[in-house]
Participant: 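Take this structure first; my questions come after.
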Protein chains: 8
Amino acid sequence: VLVLLGSISDKDVAAQMTPVFEEFGVRASFAVCSAHRDHERLMKLLDGAPAAGVKVVIAVAGKAAHLPGVCAAASTLPVIGVPVESGMLGLDALLSIAQMPPGIPVASVGVGAGRNAALLAVQILSIADEGLRSQLADFRVKLRESNRADSEKLNQELAH
Amino acid sequence: VLVLLGSISDKDVAAQMTPVFEEFGVRASFAVCSAHRDHERLMKLLDGAPAAGVKVVIAVAGKAAHLPGVCAAASTLPVIGVPVESGMLGLDALLSIAQMPPGIPVASVGVGAGRNAALLAVQILSIADEGLRSQLADFRVKLRESNRADSEKLNQELAH
Amino acid sequence: VLVLLGSISDKDVAAQMTPVFEEFGVRASFAVCSAHRDHERLMKLLDGAPAAGVKVVIAVAGKAAHLPGVCAAASTLPVIGVPVESGMLGLDALLSIAQMPPGIPVASVGVGAGRNAALLAVQILSIADEGLRSQLADFRVKLRESNRADSEKLNQELAH
Amino acid sequence: VLVLLGSISDKDVAAQMTPVFEEFGVRASFAVCSAHRDHERLMKLLDGAPAAGVKVVIAVAGKAAHLPGVCAAASTLPVIGVPVESGMLGLDALLSIAQMPPGIPVASVGVGAGRNAALLAVQILSIADEGLRSQLADFRVKLRESNRADSEKLNQELAH
Amino acid sequence: VLVLLGSISDKDVAAQMTPVFEEFGVRASFAVCSAHRDHERLMKLLDGAPAAGVKVVIAVAGKAAHLPGVCAAASTLPVIGVPVESGMLGLDALLSIAQMPPGIPVASVGVGAGRNAALLAVQILSIADEGLRSQLADFRVKLRESNRADSEKLNQELAH
Amino acid sequence: VLVLLGSISDKDVAAQMTPVFEEFGVRASFAVCSAHRDHERLMKLLDGAPAAGVKVVIAVAGKAAHLPGVCAAASTLPVIGVPVESGMLGLDALLSIAQMPPGIPVASVGVGAGRNAALLAVQILSIADEGLRSQLADFRVKLRESNRADSEKLNQELAH
Amino acid sequence: VLVLLGSISDKDVAAQMTPVFEEFGVRASFAVCSAHRDHERLMKLLDGAPAAGVKVVIAVAGKAAHLPGVCAAASTLPVIGVPVESGMLGLDALLSIAQMPPGIPVASVGVGAGRNAALLAVQILSIADEGLRSQLADFRVKLRESNRADSEKLNQELAH
Amino acid sequence: VLVLLGSISDKDVAAQMTPVFEEFGVRASFAVCSAHRDHERLMKLLDGAPAAGVKVVIAVAGKAAHLPGVCAAASTLPVIGVPVESGMLGLDALLSIAQMPPGIPVASVGVGAGRNAALLAVQILSIADEGLRSQLADFRVKLRESNRADSEKLNQELAH
């Protein structure tokens, strides 16, 4: 997985992804590469991506958030876009990412949802990787168990 | 690809997908299966999906648009959500699809973007299918050529 | 009343309800049970609800907020949905809860309005419970009196 | 059930309700009674409602949509509010109905969702009426079957 | 001028008005009187207003913000509505106040704009009071001078 | 009353006002005078307004809708702003009219609410005109009667 | 002036510009060149623009509307962005155009405002062209006169 | 460049501009001059602007944000508007600035984007100043380098 950030200020969203990649044993590389400030390097990163073994691109961006769309235009790899909040609830970024023109889709996740973007990347990779598929099944079991533990906690807290 | 519609009224969005699947030679099956009105059958369809060779699920829904999220919860296959406009610009459906809780991602495309959903599914399948990858490269060339033809047309029209 | 939370992080909204239930002598049980992370247990809770004497379900959820709708689909008990704010003013949750498809209604209250949800549940229960009806009448009198006391306070403060 | 309309122009939303009430054998009366233009008569209707056997009030209103809230303030019966679209997507009415102050809840359904409001009223009545409960279970079966029939239709149409 | 607040929590907005009333020598009385929690007293206040010499009503309210509309329905005095922010940018209150049905207008000012509401009341009173008219002219001169003083300050600060 | 339109395209909103002015016997003059395209003439109209007997200004405008605010800045007469819909639900115009800076209030009515603007002007005039006050009381009675007539109609129609 | 359209479907917005360019004697060339479907040609057009005498770029785009931002990144010429409505009031396009990241500004005009974009381009060119400056002054006079003619018309129509 | 602020409270947005003007050696003067509180002085500033060598006007304003539009109406110089956030995400100001009527364009940048406004002014000036053009090219190189440095930093931080 190649993770691209439009700006270093979106670092926290990227940092949500590393535990997911580690948990699933998925290799990921990270770069800050604005679509507008360094288009040339972006093109190089994307052109070289298939040869570097990249299967999925995640692009994180706020405001006008063109990065995911520019990645999607420059590559036929699936591109996941993560809208980032920066003063307008992330609505500007969400619309800029989801409302792509016909022919060049981007897969948008929720505002600030770095962790979900990483998980979606893992799910995409799993269509060709049985190991990941069973890891995902285990992960869902853990989600369920953590949900049940929270339920216990709530009962105790509201009982106090 | 398994394409699920919350309601038969979203048929036009599904109909955008068939030319894409035909062009790329991707098999797709279609079902109307509301998350709320027929949950049991939905679970059966999703549980049986991997055995039926399904690699990607596309869920089309309007208004509260829970279908994509319910599919994502019931399967670890990647789920693409297509928000449908029905009186509120599709903003209700877009938010219901994109803003999923941590752990269960959905890949949202734009409002009414059935064609882009199908293309995104093809791009996801292409990570394990070299043939699709080169078809996608050809498709992008065609997009470009059609864009250039439009440019010619515009010059002629504005010259009149 | 059965109160369900999509996530433990919505605890504060649930905590608004307990004084209401205590004031009116209404029994309530609480559980954290995500529609997406633990659907199976959710179904069990809802299937067993009528036998457990549950008459009204309150479901609290933020973001895509599918929980109330999933409850409404799985039960014919009236379901009250409480949208929770989480970065988008609660507008995402409000729309996901209110804009249900035909056939499966949810009763939405305001964003973060846990107390009002509990009161609405009491009002619903009161249609078959004369005691609650007269308690509600008393409650309205108290609201009025507290409003009048506030009015006195305001006059004094603005007079200083 | 007492159904109140702020304006005769919301008649179509009220007309969605009559088949539901007929199907479930629930008695309903209808009145146009603006909270602002005829407050006195509104108070009379609501004060007399319990004696007339009314258990649930449905209030339909557009724009500033104060009717449901004014009903909720004047009665302790559960009040269902139906926001109506009139130039602002119904967002104005939805917020005016859902965002009630603490102490006076309204149960909001979706924009223009007259049919769902009627069904919610039936569900509320069913908490004290076993007959309605089993009718509701049958109704859900019919919803499911109609959903399945739609699924057949879709397959045939997209196969052409 | 009669100033009504839906809730004591809107006190700060009311407090903006007192300096204006003092500056212009306009008598004002304040009350907390929710349209929903104490409708009866509200009716008394409004019915008695003309006899008490009230010429303009200002109603301050947040969320569903029905107070200004209910005042406008119960009186033919001009009613100024002040929307208050409470978690939804004040957009809910602004729409609930401005979007009144035909026949019953409310004069909405901006979100949280207590001071402007007081000034608008003074401007309305000035149509029958030449003294206020010339005070308003003086007030505008002061606004202009304070604007010019700010301009000096800015030049100095940006010169540092 | 002086009625100003930013553009001739807002004529329909102005046309709603003439029956109101005729019914109440209030003199009104109309002009198209954009704040941006003919500022000089606007200033002349407003400067001459008091001498011409104008007591209230109504300004109708769409999109950025600066006209009401510019009128309010150039005159101390009360200014009523009418936002007009032109592609963005009138939300742009509503915010441009209501959200005025401190010191220069505008009284905003609802989107496209020309009739309510005229009524609000009449209510403002009535603070110094007992005749208008009793006409307004009669008008409210007519509103109520028309509401009751609508109620009869509804019962008949839904009975068919 | 170089006018770029993301899609031939935005032709009507471009067609608004030609009368302006003709009136002011400004040379303009038009091309359809999607940022995503034909990035390479876009780069060529922009790289060659200064040598071709282009001083201002106008980019017209709907939905995610990345074209203006991509132009602004690829050129230091001033770029005017025109958001186009396509199902979401143009709000998606407006935010995607205006909310550019630091360092790469775009000058956004209103939704669908092709004519204003052309005029803004003329105003920019006029900073180095005295002839255009006096033409602009004449144009403003014509605007004013047309506004006055409309005012006459309104008076006559409302007098009928 | 002449920079105008509607209110001293927008000073921080203006302060973003001075480093840009210093870096590019562009002369700028600053004034606080509300369109509504000191229209006369505003007209003087704008009328005298061309003689004072002003080529571009930047107007900064929040809420109803009429200042940029009033400047655009009073001058044929290009006017850049900067919307400022003040409680409504800046959406009110953005719409008030961008949605100008036909004939009087304003160039809107993003919410709070003082720095981008200054850069846009420089880009406009550069159409008649070769020195600025090459400075802008250098500036873009610096942007790119800072982007690359951020990329290094990210790799190191996420590697820890």
Side-chain angles (χ1 to χ4, degrees), chain B residues 4-10 32-44 46-47 57 59-76 79 81 83-108 111, chain C residues 4-10 32-44 46-47 57 59-76 79 81 83-108 111:
Chain B
L4 296 168
L5 281 72
S7 153
I8 189 89
S9 61
D10 303 337
V32 176
C33 194
S34 160
H36 299 123
R37 281 169 285 200
D38 201 0
H39 189 271
E40 196 189 356
R41 187 165 57 105
L42 183 60
M43 292 304 105
K44 257 188 223 152
L46 291 168
D47 286 351
V57 176
V60 182
K63 291 188 171 168
H66 297 183
L67 183 62
V70 171
C71 291
S75 168
T76 61
V79 175
V84 177
E85 202 285 324
S86 62
M88 227 182 235
L89 312 172
L91 205 66
D92 46 3
L94 174 59
L95 293 173
S96 292
I97 290 172
Q99 291 287 80
M100 286 292 289
I104 315 281
V106 168
S108 185
V111 175
Chain C
L4 297 167
L5 281 71
S7 153
I8 189 86
S9 62
D10 304 336
V32 177
C33 193
S34 159
H36 299 122
R37 280 168 287 197
D38 200 359
H39 189 270
E40 196 189 355
R41 187 164 58 105
L42 184 60
M43 292 304 105
K44 257 187 223 155
L46 292 168
D47 286 350
V57 176
V60 182
K63 291 185 172 171
H66 297 183
L67 182 63
V70 170
C71 291
S75 169
T76 61
V79 175
V84 177
E85 202 284 327
S86 62
M88 226 181 234
L89 313 174
L91 205 66
D92 45 3
L94 174 60
L95 293 172
S96 294
I97 288 171
Q99 292 286 80
M100 286 291 291
I104 315 280
V106 168
S108 185
V111 175

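Every chain is numbered from 1, with letters handed out A, B, ... down the list of sequences.
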Participant: Looking at B/Ile104, B/Val106, B/Ile97, which makes the most heavy-atom pairs under 4.5 Å with chain C?
Facilitator: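 Result: the option with the highest number of such pairs is B/Ile104.
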
Participant: According to side-chain hydrogen bond (donor to acceptor under 3.5 Å, both in side chains), does anything in residues 62-72 of chain B pair up with another residue at least two apart or in another chain? List the pairs.
Facilitator: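 For residues 62-72 of chain B: B/His36-B/His66.
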
Participant: Could you look at C/Ala98 and say if it's the side chain, the backbone, both or neither that has a heavy atom under 4.5 Å from chain B?
Facilitator: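 For C/Ala98, there is no contact with chain B at all, as no heavy atom is under 4.5 Å.
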
Participant: Which residues in residues 86-94 of chain C have any heavy atom closer than 4.5 Å to a heavy atom of chain B?
Facilitator: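 Residues in range: C/Met88, C/Asp92.
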
Participant: Quick check for you: to the nearest 0.5 Å, what is the distance between C/Met43 atom CE and B/His39 atom NE2?
Facilitator: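 Between C/Met43 CE and B/His39 NE2, I get 5.5 Å after rounding to 0.5 Å.
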
Participant: Flag the one option from B/Ala35, B/Ser96, B/Ser34, B/Ala73 with the top tally of heavy-atom pairs under 4.5 Å to chain C.
Facilitator: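 Most heavy-atom pairs under 4.5 Å with chain C: B/Ser96.
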
Participant: Between B/Arg37 and C/Pro102, what is the shortest heavy-atom contact and its length?
Facilitator: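 Of all heavy-atom pairs spanning B/Arg37 and C/Pro102, the closest is NH1-O, 3.4 Å.
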
Participant: Go through C/Gly69, C/Ala72, C/Ala74 and name the one with the most non-hydrogen pairs under 4.5 angstrom from chain B.
Facilitator: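 With the most close heavy-atom pairs to chain B, the winner is C/Gly69.
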
Participant: Test of understanding: with side chain to side chain donor-acceptor pair (under 3.5 Å), list the residues that count as partners of B/Ser75, not counting sequence neighbours.
Facilitator: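 With sequence neighbours excluded, B/Ser75 shows a side chain to side chain donor-acceptor pair (under 3.5 Å) to no residue whatsoever.
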
Participant: What residues, two or more places apart in sequence or in another chain, satisfy salt bridge (charged side-chain N to carboxylate O under 4.0 Å, His left out) together with B/Asp10?
Facilitator: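 By the salt bridge (charged side-chain N to carboxylate O under 4.0 Å, His left out) rule, B/Asp10 matches no residue at all.
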
